[in-house]
Amino acid sequence: MSQAFIASPLGTLEIIGDTHGISRVTFIDEKIPQSEKIPEALTTAVSQLQEYFKGNRTHFNLKLNPQGTDFQKRVWEALGQIPFGKTTSYLQMAKNLGDPKVIRAAASANGKNPIAIIIPCHRVIGSDQSMTGYAGGIWRKKWLLEHESPVKQQSLF
């Protein structure tokens with residue numbers, strides 16, 4: 001497995017993967033220097049994440065290799081279907097999985113998503129439009145949703 005640390009507007013990101021794909025993208029809260037040399041297996045992921053943060057990418061085209069149960073992988077695959085700039089609710093996600101009764105299990109799998117941003121778990125909100133939990137912190141979820149919003153807030157001055 002290869003590892004890289006990159007700076008982002010949301011703090012340091014740790015990226016882990018190999019020739020089988022990206023297996024983790026996580027927020028690191030402590031100060032870690034950015035990797036000077038990016039391993040070859042991670043260069044495309046690093047490049048696409050940087051483009052995303054600059055506002056030049058709305059879709060990731062990467063080989064992913066998240067580790068989890070079959071159900072978790074189904075949820076993570078469903079998360080990947082939520083379009084850039086859109087949100088869905090936990091209830092709607094459960095319905096899309098075929099059973100509204102799996103809402104708690106789907107929410108749990110969502111919270112265990114090992115590949116932040118690329119598998120867009122930040123696009124899932126409460127049925128009442130509330131900002132619900134996010135492993136990276138609600139402030140990061142809010143930033144990501146505002147970053148992806150088709151309506152940009154303009155400064156008056």
Tyr90 meets the ring pair (Phe, Tyr, Trp, His ring centres under 6.0 Å) criterion, sequence neighbours left out, with none
Q. With sequence neighbours excluded, what pairs up with Phe27 under the ring pair (Phe, Tyr, Trp, His ring centres under 6.0 Å) test?
A.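 Phe27 satisfies ring pair (Phe, Tyr, Trp, His ring centres under 6.0 Å) with no other residue.
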To the nearest 0.5 angstrom, please state how far the [atom1] atom of [X] sits from the [atom2] atom of [Y].
{"X": "Asn96", "Y": "Arg74", "atom1": "CG", "atom2": "CZ", "value": "11.0 Å"}
{"X": "Gln3", "Y": "Ser23", "atom1": "CD", "atom2": "OG", "value": "10.5 Å"}
{"X": "Arg123", "Y": "Gln81", "atom1": "CZ", "atom2": "CD", "value": "11.0 Å"}
{"X": "Leu144", "Y": "His122", "atom1": "CG", "atom2": "NE2", "value": "4.5 Å"}
{"X": "Thr88", "Y": "Lys95", "atom1": "OG1", "atom2": "NZ", "value": "10.0 Å"}
{"X": "Ile118", "Y": "Leu79", "atom1": "CD1", "atom2": "CG", "value": "13.5 Å"}

Identify the heavy atoms of [X] and [Y] that sit nearest to each other, and give their distance.
{"X": "Thr19", "Y": "Ala41", "result": "N-CB, 4.3 Å"}
{"X": "Asn61", "Y": "Gln48", "result": "N-OE1, 2.9 Å"}
{"X": "Thr12", "Y": "Ile32", "result": "OG1-O, 3.7 Å"}
{"X": "Gly17", "Y": "Leu42", "result": "N-CD2, 3.6 Å"}
{"X": "Ala109", "Y": "Trp76", "result": "O-NE1, 2.8 Å"}
{"X": "Ser35", "Y": "Ala4", "result": "OG-CA, 3.3 Å"}

Exercise. Does the side chain of Gln67 pick up a donor-acceptor pair with the side chain of Asn65 at under 3.5 Å?
Worked result: yes
Under a 3.5 Å threshold, yes or no: a donor from one side chain and an acceptor from the other, between Lys73 and Thr69?
no
Thinking salt bridges, do Glu148 and Lys86 make one under a 4.0 Å N-O criterion?
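Salt bridge absent between Glu148 and Lys86.
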Glu146 bridged to Lys142 by N-O distance under 4.0 Å: yes
Under 30°, 30 to 60°, or over 60°: which ring-plane class applies to Phe60 and Tyr52, parallel, tilted or perpendicular?
tilted
Verify the cluster assignment for [X] and [Y]: are they in a single hydrophobic cluster under the rule of side-chain heavy atoms below 4.5 Å apart?
{"X": "Val25", "Y": "Ile16", "answer": "no"}
{"X": "Phe71", "Y": "Ile82", "answer": "yes"}
{"X": "Leu10", "Y": "Ile15", "answer": "yes"}
{"X": "Leu62", "Y": "Met1", "answer": "no"}
{"X": "Phe5", "Y": "Ile117", "answer": "no"}

- Query: Can you list the steps and then say if Arg24 with Glu14 is a side chain to side chain contact (heavy atoms under 4.5 Å, CB included)?
  - Reply: CA-CA 8 Å; Arg24 293 193 70 77; Glu14 178 185 32; 5.6 Å; no
message = Quick one, Val124 and Tyr134 - any side-chain contact, counting heavy atoms below 4.5 Å?
response =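 No, side chains not in contact.
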Item to check | Test log, rule salt bridge (charged side-chain N to carboxylate O under 4.0 Å, His left out), inputs Arg140 and Asp29 | outcome: CA-CA 12 Å; Arg140 286 186 175 116; Asp29 287 324; 2.9 Å; yes
* Asked: Lys141 and Ile125: side chain to side chain contact (heavy atoms under 4.5 Å, CB included), yes or no, with the steps?
  -> CA-CA 10 Å; Lys141 181 174 187 163; Ile125 59 175; 4.2 Å; yes
Just do the side chain to side chain contact (heavy atoms under 4.5 Å, CB included) check on Asn113 and Val75 with the steps written out, would you? CA-CA 9 Å; Asn113 171 22; Val75 170; over 6 Å; no
